[in-house]
Amino acid sequence: MYDVTVDVTVKRHVKMLSYPIGKPVITLGGQEANIRRLLDDINTSDNVPPQPEISGAPIAGQGAEGSWYDEAPRPQTARHDHRSHRHRNTRPNTAIGNRTSSGYTDNMDEDYAHDGNKARSNVAMEMTDMKEETMEGVPDLEELIKMEKEEMDQIIDMVESNKAIVISGETGCGKTTQVPQFILDHYIEQGKGSECRVICTQPRRISAVSVAERVADERGESISNSVGYSIRLESKFPRSTGSILFCTTGVLLKYLESDPQLYRATHIIVDEIHERDLLSDFLLIILKDLLQKRPDLKVILMSATLNAEQFSEYFYNCPHLSIPGFTYPVQEYYLENILEMTGYIPPDKDQGRKKFHDRGRGKWREREEELEEEEWNVQAWCRSLEGKFSPKTIDSLSRMDLEMKILDLELIYNLIRHIVSREDDGAILVFVPGWSEISDLHKLLMKDRFFNTDKVRVIPLHSMMPTVNQKEVFDRAPPGVRKIVIATNIAETSITIDDVVYVINGGKIKMKDFEPEYNMTSLEARWVSKSNAKQRRGRAGRVQPGKCYHLYTSLKETTLEDYQRPEILRTRLEELCLQIKLLKLGRIEPFVSKAMQRPSTEALRMAIENLQNLQALDENENLLPLGVHLAKMPVDPHSGKMLLFGAMFGCLSPVCTVAASLSFKDAFVIPLGKEKLADMRRKELSEGSKSDHIMLINAFDGWEHHRRTRTDGQYCWENFLSGNTLKLLQNMKKQFAEVLRELKFVRNGDVNDPSVNVNSANMALVKAVICAGLYPNVARVMKVPSGRSKFPKPPKVNLKDGQRVSIHLKSVNSDEKDFPSKWLVYHKVMKTNGVNLFDCTMVSPYPLLFFGGEIKSSMMKVNDHEERHMVTVDDWISFYASPTIGQLVKDLRKQLDRLLEDKITRPGVTNWDPKSKEGAVLKAIIDVITQEDFDQDDDSDWNNYHGGRDRYR
DNA sequence: GAGCACTGC
């Protein structure tokens, strides 16, 4: 055990080091008498745990009267059977202003981005492929109605005569708002309105709401009549039949749990399928199968134009219809044009042959040859530019790093200066990959007095910056003032800024990727795809003709992928697998193989294995009782397990805060330049807990406390918190409590009910529950660098497989010097620059012993003369312990395991009566955990022990 | 010495 070593293997970005990982640093013993007494108490308690029954409690969502999706179809009433309510053609041009002033908008808004007349001037249908339309004269109303009628008839014909169709069209063609209405209106005209229930899914919450509002508006109704929406935590259902429901993809998938054949819908429209997000790809597999079982069901897939054919092929070569759209023309410029117009001379690329790490894919030599070929192509292309571009530009192109390993911010700076001084008014939107580029470019601009004036307004935009919630992003700059927005891809789909006329496409995008062979998620900047570029370009043509500057050559553009890799190939699959089992879709592998692109066998195997280790699946992929609970909770499996334990151990509210923050996002926003101050605030909020998760609880509780005195605004401001996010987290917590009530783990759905919070103030226990949820995500602190250097480095920690990683600088533990326990549990580990733990909680030994993996007792040789007893969890987490205490811990653990298994199989409210077996066991466990036990072992002084280890690095 | 973006009756 002492010399457990890991193979010395150098893998991509992962240092596998060889050194002992098993030596304990903590000796257990202080609680021997305590545990013995507690075990005695258990043995004298009742042997049959009483099962408190929850009877008569109504289950939310089932049979709730008046809910849209459970109501039986009923006859159509007369007031809906004429189309005269629709007046979308005469709608004034207010849509954009209204939505943007309310905060977020979405690219879906583009479907009605322009004046109604313009938008509808190109409604003529084409069965052929895409055709770029330009603005024509505006037809008169009569002609418009006629054109629309033709358009509608064609779509209806196709829908009627096919089970599935694909409709493609660029943003601006109106497909999202019009197609659902065509279908409904057709049924109403036929006097069959009551037979029509259209569900239209959107990938984002905001699109679902804003499209529903727009469509209701076009029909001259308020929401909840013939049009409604349903997103998580917020629903306004339309009437039960003769109606259209816009919902998120996730909501529709949730419906499948109670209605596997989707009888609540006659038509299902899946919008934005070209985005290839995990949930739409999953839904498509299900719908494809469902068409066999429900011959009456109509499926309409809606996509952008590029590659729309592949969806038609996937759906049994179903017909494909393309709708032309309207957008203002956008002039495009490439790197060669930009160098020519700015006269900027980029730095030469590194001359020495760069060592090329292509993350293990492809062999070194092949890659070298590939590079040489690329180089040759570039030089040939440069020669072809002669005569068309100045020699200076051509020379620059041939010498610079066209791969843009590091985004050239000087180039962007020069380009912005060029636009500001030479081009007409209009906001500039710059796309860069991430925080550091936003920060650096912002500094670069502010350094220049040219930009640091009242005439220029520079706005950084990032999901974690407070500007995402501020109106100024959307506000049109006053005349003579230039607005410059520096943004991540948040401005590509989620946030729409109307007055943008100039777009600078930095060419790179940060993308999450999962590599099962390294069991590692990464987040790295890659080249954009053609569809990203197209979307970015479109951001320039919303209000008038615009210009788009791509920071890559026109040669490079030809090598860009059409689309980003679908998410299903880039993500962990645990949740997907659980859903497949919950929806009884058969064995995982064959089911997933039906996807448009199937994930690797390795990724699937890893997901299934993890679920088996979690006791969610058995060895035959059958859902175990725990798996059923986890699948029903709207969080990842680890957070789900945490919630179950939180309910059982009477600390529901704090644990819900953690689960909500981990599965959605934490509530912090950080203004540019205030990073360190924000770190300090978080550290204060952690109150010495050495836990990011406890810090989140304290931040949330502080906010709720200040709400009572209406000082929450001040509180958020001081602590860099977003009130909007906190409200969402609060609602999520309520939802979790509801779900736990349905699963019968708590009696009522109030997350703050005292009965489920008897131990909420016991932070040692809350940490233990966090540990129970996050296990086996355990890391061991290996080295705390000395604090003398100017920039103290974060502690180095090891994962179980020996990977050496850092604690991310955002974590409250990143500047921690003192770890009484060397063990951390974490939720997220990700490779960015290096490999980082993004959140962690230091845990004491007992939570690991009680909630971790298998416990073994063994002897360990300390030196030639001495051996010591120890207990070890999962063969790597070791503590010195006498044989007696080892046995006591094992006995107690056995009691706990039995209790937990029973609880999971037969859910019930916790019985705290210490005379019951359940009460006695829980009391014992809580008692031991509460006395955090950090007895240091004298002869294994941790720093000495690891002092000589540098040679391995 | 640093955090793409979504989402769940």
Side-chain angles (χ1 to χ4, degrees), chain A residues 59-62 64 67-70 106 201-208 230-235 237 245 247-259 264 272 275-280 282 431-440 462-465 468 487-495 508-513 522-526 528 532 564 567 570-571 575 579 631-636 639-640 660 663-666 668-670 675-676 678-679 728 732 735-736 738-739 742 789-794 806-811 814-815 828 830 832-834 836 838-839:
Chain A
I59 292 173
Q62 283 183 17
S67 70
W68 177 77
Y69 43 87
D70 284 324
D106 190 85
T201 70
Q202 295 291 322
R204 280 171 295 283
R205 291 160 59 83
I206 294 160
S207 347
S230 179
I231 61 178
R232 184 182 187 182
L233 305 173
E234 198 183 327
S235 294
F237 289 109
L245 175 75
C247 65
T248 43
T249 324
V251 167
L252 184 62
L253 285 166
K254 214 61 179 141
Y255 287 164
L256 283 162
E257 282 175 33
S258 58
D259 180 11
R264 69 189 72 190
E272 310 277 10
E275 289 187 13
R276 302 300 305 275
D277 60 278
L278 181 67
L279 295 186
S280 346
F282 182 38
F431 285 101
V432 294
W435 182 287
S436 63
E437 290 85 0
I438 294 176
S439 174
D440 293 346
H462 184 288
S463 65
M464 284 180 232
M465 289 178 187
V468 295
T488 62
N489 50 345
I490 195 171
E492 208 171 290
T493 49
S494 300
I495 289 181
K508 294 287 178 91
I509 194 166
K510 276 201 182 175
M511 251 207 324
K512 224 166 90 169
D513 205 350
S522 65
L523 181 65
E524 289 169 299
R526 309 273 176 84
V528 295
N532 292 130
Q564 272 176 250
E567 192 185 4
R570 301 189 284 113
T571 190
E575 285 178 73
Q579 290 307 311
K632 286 184 176 171
M633 282 189 276
V635 292
D636 62 277
S639 300
S663 66
F664 177 50
K665 64 172 176 185
D666 74 40
F668 287 94
V669 283
I670 304 159
E675 293 90 337
K676 273 183 201 148
D679 288 347
L728 254 165
M732 287 175 73
Q735 187 192 16
F736 296 157
E738 269 301 314
V739 173
E742 285 164 32
S789 65
K790 194 176 167 201
F791 294 120
K793 291 198 171 85
S806 295
I807 296 177
H808 195 277
L809 288 155
K810 201 179 155 189
S811 164
S814 65
D815 62 350
K828 196 164 80 168
M830 199 158 65
T832 49
N833 264 323
N836 285 301
F838 279 77
D839 58 288

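Protein chains get the first letters and strands the later ones, always in sequence-line order, with residue 1 at the start of each.
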Using heavy atoms to find the nearest nucleotide of DNA chain B for Ser235(A) and Arg570(A) separately, return the residue whose nucleotide is more 5′. Arg570(A)
Between atom OG1 of Thr249(A) and atom CG of Leu278(A), what is the distance when rounded to the nearest 0.5 Å? 10.0 Å
Distance in Å, Glu437(A) CD paired with Lys510(A) NZ, rounded so as to fall on 0.5 Å steps: 6.0 Å
Taking only side-chain N and O atoms of Ser439(A), does any of them lie within less than 4.0 angstrom of OP1 or OP2 on dA2(B)? no
Within less than 4.0 Å of OP1 or OP2 of dG3(B), is there a side-chain N or O belonging to His462(A)? no
Roughly how many Å is it from NZ in Lys828(A) to C1' in dC4(B), rounded to a whole number? 10 Å
Options dC4(B), dC6(B), dG8(B), nucleotide nearest the side-chain atoms of Ile231(A): dG8(B)
May I ask you to evaluate whether Gln202(A) reaches the phosphate of dC6(B), defined as a side-chain N or O under 4.0 Å from OP1 or OP2? no
Separation of dC4(B) P from Met830(A) CE (nearest whole Å): 8 Å
According to a strict under-4.0 Å criterion, is Ser494(A) in side-chain N/O contact with OP1 or OP2 of dC6(B)? yes
Check: Thr488(A) side chain, Ile490(A) main-chain N or O, donor-acceptor pair, under 3.5 Å: yes
Ranking dA5(B), dC4(B), dG8(B) by distance to the side chain of Lys254(A), first place goes to dG8(B)
With a 4.0 Å limit, can you tell me whether Ser230(A) has a side-chain N or O closer than that to the phosphate oxygens OP1/OP2 of dC9(B)? no
Can you tell me if the side-chain N/O atoms of Thr832(A) get under 4.0 Å from OP1 or OP2 in dG3(B)? yes
Interatomic distance where CZ belongs to Arg205(A) and C1' belongs to dC9(B) [whole Å]: 13 Å
Rounded distance in Å - CD (Gln579(A)) to C1' (dG8(B)): 8 Å
Could one point to a donor on the side chain of Asn836(A) or the base of dA2(B) with an acceptor on the other under 3.5 Å away? no
Measure the distance from CE on Met511(A) to C1' on dC4(B) and round it to the nearest whole Å. 10 Å
Whole-Å distance separating the CZ atom of Arg276(A) from the C1' atom of dT7(B): 17 Å
Among the candidates dA5(B), dC9(B), dG3(B), find the nucleotide nearest to the side-chain atoms of Arg232(A). dC9(B)
Once you apply a heavy-atom cut-off of 4.0 Å, does Asn489(A) come out as touching a base, just sugar-phosphate, or nothing? base
Flag, side chain of Asp277(A) to backbone of Ser280(A), donor-acceptor distance under 3.5 Å: yes
When you measure from the side chain of Leu523(A), which nucleotide among dC4(B), dA2(B), dG8(B) comes out closest? dC4(B)
To the nearest Å, how far apart are Asn833(A) CG and dC4(B) C1'? 14 Å
Check this for me: does any side-chain nitrogen of one of Arg204(A) and Glu275(A) sit under 4.0 Å from a carboxylate oxygen of the other? yes
Let's test your reading of the model: under 3.5 Å, does the base of dG8(B) pair with the side chain of Glu575(A) as donor and acceptor? yes
Measuring to OP1 and OP2 of dG3(B), would you say a side-chain N or O of His808(A) lies under 4.0 angstrom away? yes
Over how many whole Å does the gap from Phe431(A) atom CZ to dC4(B) atom P extend? 15 Å
Closest-nucleotide mapping onto DNA chain B: is Ser436(A) or Pro634(A) further toward the 5' terminus? I mean the 5' end. Ser436(A)
Please determine whether side chain to side chain contact (heavy atoms under 4.5 Å, CB included) holds for the pair Arg205(A) and Arg232(A), giving the CA-CA distance in whole Å, both sets of side-chain angles, and the decisive distance to 0.1 Å. CA-CA 8 Å; Arg205(A) 291 160 59 83; Arg232(A) 184 182 187 182; 3.4 Å; yes
If you compare every side-chain N and O of Arg264(A) against the phosphate oxygens of dC9(B) (OP1, OP2), does one of them come in below 4.0 Å? no
